[in-house]
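Every chain is numbered from 1, with letters handed out A, B, ... down the list of sequences. Any value given below was found using the heavy atoms of this structure, including those in side chains, with hydrogens, waters and symmetry copies removed. Because the structure is predicted, anything quoted here is derived from the model rather than measured.
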2 protein chains.
Amino acid sequence: MLRLSKLTDYAVVVLVRLDAGLELQTSPGIAAAIGVPEPTVAKVLKSLSAGGLVTSLRGARGGYRLARALEDIPVGEVIAAMDGPIALAACVDGSATECESLALCPVRGRWDPVNDAIQRALSAISLADMREAAIPAVFRVPHTAELGRSDASRQ
Amino acid sequence: MLRLSKLTDYAVVVLVRLDAGLELQTSPGIAAAIGVPEPTVAKVLKSLSAGGLVTSLRGARGGYRLARALEDIPVGEVIAAMDGPIALAACVDGSATECESLALCPVRGRWDPVNDAIQRALSAISLADMREAAIPAVFRVPHTAELGRSDASRQ
DNA sequence: ACATAACCGGACCGTCGCAGTCCTGATTAG
DNA sequence: CTAATCAGGACTGCGACGGTCCGGTTATGT
């Protein structure tokens, strides 16, 4: 239950990887570093960029960079960037129609306190708290050693 | 975005309705009272019964009853009964294979603190806290008035 | 100026879980 | 025995999600 999308999980891995000390990292480079297909990583980075969690530099020698320190990124914000606004209900979006009839809809505002509680819980945990386990041992070894390998070797 | 299943929302409405003071209520009766199709209500009640939130009496003159007071039912338990164990990850089930390779899987134990926080948040809110808004005004009036609508019309 | 590398913003499709319904038993009151 | 009710499935249509790909834009470096 509360199925967190797999993309969101990747997002955490990607963000932690972005904290590896380098100034700028490319999408293919990150993909190689964390062992996730490049198109998927690209998609994650796009969402994160749209959510303001990373800043991007276009063009050759471009790449991504953390917009803030991991300590200042609550996990709730990552989820919001990937899966949309955090809300625990079936019809919470600000859709105009309001389930056709506001009075009839049994799903109304009731979950607000629950949502607030979850929001608070997710705001209290930062990515720094999840950092340690974020990059599995297998991928933690090739750090700054040679990370432009699998993409640089393609030319 | 943490989509809560619609069934879970119905579950809250049903549970609140079960608190209406009657000793025993049948599935069709509840359906008529809250304005939700009978088969759906039946499904919800089955799940709730399996989760130990309501007790059932089979046979003629049977029905459902709250297993505990609303104050003693945290919303997290309702969610767990309807949507399975509360866990915020893609692969958290106790599946044997563990994503094929435990070492490789980037999704491992990292979300535990987050899950714990959510679990705590959901345990702190009881159904009594959600009672007021649970049954919309429209359905709060016709208590036992004219509920022979959709259940009497079938067969 | 040109080629290259990288991001951007979509469209696209297969898969899977969910909502909702229905059917066939098992159980109990009258 | 009969009727009412719960129990536990099977089944189906739909929509969201994971994952991939493509054309376009921007910037670097020669």
**OP:** Check whether any side-chain nitrogen or oxygen of B:Ser49 sits under 4.0 Å from OP1 or OP2 of D:dC6, and answer yes or no.
**Re:** no
**OP:** Examine C:dC8: is either OP1 or OP2 under 4.0 Å from a nitrogen or oxygen in the side chain of A:Ser56? Give yes or no.
**Re:** yes
Original post:
What is the distance, rounded to the nearest whole Å, between atom CG of A:Leu22 and atom P of C:dA6?
Top reply: 14 Å
Subject >> B:Tyr10 OH to B:Met82 CE distance, which is reported to the nearest 0.5 Å >> reply: 11.0 Å
Original post:
A:Asp9 CG to D:dG18 C1': how many Å, rounded?
Top reply: 13 Å
**OP:** State which of D:dA3, C:dC7, C:dG20 makes the closest approach to the side chain of A:Thr26.
**Re:** C:dC7
**OP:** Check the distance between D:dG19's P and A:Lys46's NZ and give it to me in whole angstrom.
**Re:** 15 Å
Original post:
According to a strict under-4.0 Å criterion, is A:Tyr64 in side-chain N/O contact with OP1 or OP2 of C:dC8?
Top reply: yes
Original post:
Going hydrophobic residue to hydrophobic residue with side-chain gaps under 4.5 angstrom, can you get from B:Val54 over to B:Leu57?
Top reply: no
**OP:** Please tell me which of A:Pro39 and B:Gly59 maps to the more 5' nucleotide of DNA chain D, matching each residue to the nucleotide holding its nearest heavy atom.
**Re:** B:Gly59
**OP:** Between D:dT28, C:dA29, C:dT21, spot the one nearest the side chain of B:Thr40, thanks.
**Re:** C:dT21
**OP:** Pick base, sugar-phosphate or nothing for A:Leu45, based on heavy-atom distances below 4.0 Å to the nucleic acid.
**Re:** nothing
Subject >> Between P of D:dA4 and CD of B:Gln25, the distance in whole Å >> reply: 19 Å
Original post:
Start at the 5' end of DNA chain D and walk down; is the nucleotide closest to B:Arg58 or to A:Thr8 reached first?
Top reply: B:Arg58
Original post:
Which whole-number value in Å describes the distance from B:Leu18 CG to D:dC6 C1'?
Top reply: 14 Å
Original post:
Nearest of D:dA7, C:dA19, C:dC8 to any side-chain atom of B:Lys6?
Top reply: C:dA19
Subject >> For atom CD1 of A:Ile30 and atom C1' of C:dC7, their distance in whole Å >> reply: 12 Å
**OP:** Rounded to the nearest 0.5 Å, what's the gap from CG on B:Leu18 to CG on B:Leu70? Could you check?
**Re:** 8.5 Å
Original post:
So which nucleotide from D:dG18, D:dA3, D:dT28 ends up closest to the side chain of A:Arg61?
Top reply: D:dT28
Original post:
Rounded to the nearest 0.5 Å, how far apart are CG of A:Leu127 and CG of A:Leu53?
Top reply: 8.0 Å
Original post:
Rounded to whole angstrom units, what separation is found between the NZ atom of B:Lys43 and the P atom of D:dC6?
Top reply: 17 Å
Subject >> Separation of atom CG in A:Leu24 from atom P in D:dA27, rounded to whole Å >> reply: 14 Å
Subject >> Nearest-0.5 Å distance, CE of residue B:Met130 to CG of residue B:Asp9 >> reply: 7.5 Å
Subject >> Proximal nucleotide (of D:dG18, C:dT4, D:dA4) relative to the A:Ala60 side chain >> reply: C:dT4
